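In the text below, chain A, chain B and the rest are named by the order of the sequence lines, each starting its count at 1. Predicted, not measured: the structure shown is a model, and the values here were computed from it. Hydrogens, waters and symmetry mates are skipped; everything else that's a heavy atom, side chains included, is used.
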Amino acid sequence: MAEDKALTPRSEDFSAWYNEVVQRAELTGHSPVRGCMVIRPHGYAIWELVQAALDGMFKETGHENAYFPLFIPESLLKKEAEHVEGFAPETALVTHGGGKVLEEPLVVRPTSEAIIWPIMANWIQSYRDLPMLINQWANVVRWEMRTRPFLRTLEFLWQEGHTAHATEQEAEAETLLILGIYRKFMEDWMAMPPVTGMKTEWDKFAGAVRTYACEALMQDNWALQAGTSHNLGQKFARAFDVKYQTEEGEHEYIWSTSWGVSTRLLGGLVMTHGDDLGVVLPPKLAPIHVVIVPIWKSDAQRTDVLEASARLKGRLEGVRVRLDDRDTLNPGAKYYEWEGKGVPIRVEIGPKDLDRQQVTVVRRFAVDTKKRKLGVAETDAPTVLPKMLDEMQQELLEAAIRRREENSYRGVTDYEEFKRIIATTGGFIFTGYCGAEECEARVKEDTKASVRLIPDEDFASERYPERCICGGKALQEVVWARAY
RNA sequence: CGGGACGUGGCGCAGCCCGGUAGCGCGCCUGAAUGGGGUUCAGGAGGUCGCGGGUUCGAAUCCCGCCGUCCCGACCA
């Protein structure tokens, strides 16, 4: 499918590799619109698995889906001062409709707080209506200067949760619950273990009181902000006049949250696991778990191997199997194609296998390379393959955790050492921090690394240095990295 | 938005300097053989040369303007 036989190796040019690999795997395609991408069927199938898993987790925790309009009257977006300041510069504005100039321009949603809260305000009357836990799956538009497939596009798909609570504590609990769900999803499904924590004051969501985030380390040791959960306090409630009546008959503003993950996750998936052959998919998010490649030389063999292939396919319950019986491609060509797309397991069935009553099983990756290719008795395959998929999922996670730990540097105090790490290996650098925005700005200027977050108790060091890397007194610990 | 490069069949490119009516590789279609790591041979289809204007007998090629893409920077939950 692809024009060149080999991908640019990751070690040579990670960015070029990334662009090539998403094309090679047919995850994305070019569009005639600047900065917008096409998500092709294989990419969209992965997104559907992401959606299904997250949607289930949201519903288990009491959330319901709804859908709100794409367009936001400009006046509504302007109601929350910080929010508009943050988003106005990157919005698309519809000024004409039906051939006429609109009386009021419509903003194409960059996020939906400004359209959701005026509507939800009417849904909420009483304390009995709370908490109100709403999610929507939608597309949003942000007019970014520079775009990259999945990582930053003008239009992207995401989910955005919006919840209303009676108390500040409940809103904070919700914000943290979702952060936990995101983390669990990234670990258990994506095998992309993030570091979690809180954003600095100046890096939080426009209009939030606190922003929590998941930051995952990619193979080039740059960080990817993979999900955010915001405690909005009463800022939006006040801006959009969202009140409820308490048991005592008083009128109070609600406390709200919002949270989201997007198709950017797919970029993270590629950059976390991909190799120089293409994408590597964790089995839980692989649209195809097992591809069967039949091999034959004569028509008689063709009949036999196709029959054996169909038999195996029928016995693999709960496994997503694809039988690649195209006779226009050589087996080798098929291997490359499916490896590029990240299919976890390939099963080859040829005359030699039939003779031995076995199938040849080839794993897309293997920590123990001796296990990459094995003969498995045909009768055992239906039990061996599902087990193998579970192992692969686990191995990917373990490898990613190992990589994150190996590339995390703790207790760094010397700025020269900090600069050296950023300039050579990169990774997460945990340091003491004075808390000054100017301090981060200077480091950013010097090294392009930024404060990713203030790590939560699961990631914080036992003791962090007393001094910030600027030499000032450290008030807290932060994690630095170069970021996408 | 500043600096640089580039827009030519689906993809990647050559041709442009020195104007004469478009070519290569991959992919695609047909047929045959092949088939355990990107198969081979033969035949074939496919192009408003980014858009608009100008110069010229004649423009992919020269000139002007616009649009777009990529890289660096600025910007970026």
*Asks:* Can you check the A:D355 CG to B:G36 C1' distance for me, whole Å?
*Replies:* 13 Å
*Asks:* Between B:C26 atom C1' and A:L329 atom CG, what is the distance in whole Å?
*Replies:* 14 Å
*Asks:* Starting at the 5' end of RNA chain B and moving along, which residue's nearest nucleotide shows up first, A:R346 or A:H230?
*Replies:*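 Result of the comparison: A:R346.
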*Asks:* Mind checking if A:P110 touches a base, just sugar-phosphate, or nothing, with heavy atoms under 4.0 Å?
*Replies:*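 Answer is base: heavy atoms of A:P110 come under 4.0 Å of a base.
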*Asks:* Aromatic contact between A:H83 and A:W117, with the criterion being ring centroids under 6.0 Å apart: yes or no?
*Replies:*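 Aromatic pair excluded; centres sit 6.0 Å or further apart.
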*Asks:* Does B:C62 have a Watson-Crick or wobble partner in any strand here, with both distances under 3.5 angstrom, and which is it?
*Replies:* B:G54
*Asks:* Mind calculating the distance between CG (A:N19) and C1' (B:C11) to the nearest angstrom?
*Replies:* 15 Å
*Asks:* Taking for each residue the nucleotide of RNA chain B bearing the nearest heavy atom, is the 5' side occupied by A:S298 or by A:R452?
*Replies:* A:S298
*Asks:* Atom CD of A:E337 and atom P of B:U39: how far apart are they, to the nearest Å?
*Replies:*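 A:E337 atom CD is separated from B:U39 atom P by 12 Å.
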*Asks:* Without decimals, in angstroms, what is the distance between A:L154 CG and B:C76 P?
*Replies:*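 In whole Å, B:C76 P and A:L154 CG are 16 Å from each other.
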*Asks:* For the pair made of CG in A:D327 and P in B:U40, what is the distance, rounded to whole Å?
*Replies:*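 After rounding, the reported distance stands at 17 Å.
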*Asks:* Test side chain to side chain donor-acceptor pair (under 3.5 Å) on A:W480 and A:T431 and set out the steps.
*Replies:* CA-CA 8 Å; A:W480 302 79; A:T431 73; 2.8 Å; yes
*Asks:* Need the pair for B:C24. Rule: Watson-Crick or G-U wobble, both distances under 3.5 Å, any strand; none if unpaired.
*Replies:*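 Paired with B:G12.
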*Asks:* Please classify the nucleic acid contact of A:Y212 as base, sugar-phosphate, or nothing, using heavy-atom distances under 4.0 Å.
*Replies:*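 Contact class for A:Y212: none.
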*Asks:* State whether the distance check finds a donor on one side and an acceptor on the other, under 3.5 Å, for side chain A:N330 versus base B:G37.
*Replies:*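 Looking at the base of B:G37, it does not pair with any donor or acceptor on the side chain of A:N330 (distance under 3.5 Å).
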*Asks:* Looking at B:G36, B:C75, B:G35, which one has an atom nearest to any side-chain atom of A:M145?
*Replies:*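 Minimum distance to the A:M145 side chain belongs to B:C75.
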*Asks:* When both hydrogen-bonding distances must be under 3.5 Å and the geometry is Watson-Crick or G-U wobble, what is B:G68 paired with, if anything?
*Replies:*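 In the structure as shown, B:G68 has B:C6 as its Watson-Crick or wobble partner.
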*Asks:* Would A:R346 and A:Y335 count as a cation-pi pair here, with the cationic atom under 6.0 angstrom from the ring centre and within 45° of the axis?
*Replies:* yes
*Asks:* What distance, rounded to whole Å, do you find between the two P atoms, one in B:C11 and one in B:U48?
*Replies:*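 Those two atoms are separated by 13 Å.
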*Asks:* When the C1' atoms of B:G25 and B:U21 are compared, how many Å lie between them, rounded to an integer?
*Replies:* 24 Å
*Asks:* Both distances under 3.5 Å, Watson-Crick or G-U wobble: report the partner of B:U30, or none.
*Replies:* B:A42
*Asks:* Distance between the C1' atoms of B:C51 and B:G23, in whole angstroms?
*Replies:*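 Their C1' atoms lie roughly 24 Å apart.
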*Asks:* How long is the line joining CD of A:Q23 and C1' of B:G10, in whole Å?
*Replies:*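 It works out to 12 Å between those atoms.
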*Asks:* Rounded to whole angstrom, note down the P distance from B:G47 over to B:G53.
*Replies:* 22 Å
*Asks:* If you check the A:E144 side chain, which of B:C76, B:G37, B:G73 turns out closest?
*Replies:* B:C76
*Asks:* Within the structure, does a side-chain N or O atom of A:K373 lie under 4.0 Å from either OP1 or OP2 of B:G36?
*Replies:*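 No, A:K373 has no side-chain N/O under 4.0 Å of OP1/OP2 on B:G36.
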*Asks:* Should A:T111 and A:R109 be marked as a side chain to side chain donor-acceptor pair (under 3.5 Å) after you check the CA-CA gap, both sets of side-chain angles, and the distance that decides it?
*Replies:* CA-CA 5 Å; A:T111 176; A:R109 63 182 167 215; over 6 Å; no
*Asks:* What is the nucleic acid contact for A:R356, judged by heavy atoms within less than 4.0 Å: base, sugar-phosphate only, or nothing?
*Replies:*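 No contact at all - A:R356 keeps every heavy atom at 4.0 Å or more from the nucleic acid.
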*Asks:* Looking only at atom P, what distance separates B:C26 and B:C63, rounded to whole Å?
*Replies:*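 Here B:C26 and B:C63 have their P atoms 35 Å from each other.
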*Asks:* Distance check, C1' atoms only: B:C13 and B:U8, in whole angstrom units.
*Replies:*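 The answer is 9 Å between these two C1' atoms.
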*Asks:* Looking at B:C75, which nucleotide sits across from it as a Watson-Crick or G-U wobble partner, both distances under 3.5 angstrom, or is there none?
*Replies:* none
*Asks:* Give the intermediate values and the outcome of side chain to side chain donor-acceptor pair (under 3.5 Å) for residues A:H230 and A:T211.
*Replies:* CA-CA 4 Å; A:H230 317 289; A:T211 287; 2.8 Å; yes
*Asks:* B:C57 and B:G52: how far apart are their P atoms, nearest whole angstrom?
*Replies:*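 So the two P atoms sit 23 Å from each other.
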*Asks:* Between B:C41 and B:G10, how many Å separate the two C1' atoms, rounded to a whole number?
*Replies:*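 B:C41 and B:G10 have their C1' atoms separated by 25 Å.
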*Asks:* Under 4.0 Å between any heavy atoms, over every strand shown, what does A:P351 touch: base, sugar-phosphate, or nothing? Just pick one.
*Replies:*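 Base: the residue A:P351, judged by heavy atoms under 4.0 Å, touches a nucleobase.
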*Asks:* Show the numbers, then the answer: is there a ring pair (Phe, Tyr, Trp, His ring centres under 6.0 Å) between A:F58 and A:W259?
*Replies:* CA-CA 11 Å; A:F58 298 152; A:W259 28 275; 5.1 Å; yes
*Asks:* Can a donor-acceptor pair under 3.5 Å be found between the side-chain atoms of A:Q301 and the base atoms of B:G35?
*Replies:* no
*Asks:* Establish, yes or no, whether the cationic atom of A:R363 lies under 6.0 Å from the six-membered ring centre of A:F365 and within 45° of the ring axis.
*Replies:*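 Verdict for A:F365: a cation-pi partner in A:R363.
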*Asks:* Please report, rounded to the nearest Å, how far the P atom of B:G27 is from the CD atom of A:E26.
*Replies:* 14 Å
*Asks:* Pick base, sugar-phosphate or nothing for A:W202, based on heavy-atom distances below 4.0 Å to the nucleic acid.
*Replies:* nothing
*Asks:* Could you label the plane-to-plane angle of the A:F236 and A:F240 rings as parallel, tilted or perpendicular, counting under 30° as parallel and over 60° as perpendicular?
*Replies:* parallel
*Asks:* Can you tell which of B:G36, B:G37, B:A74 lies closest to the side chain of A:Y336?
*Replies:* B:G37
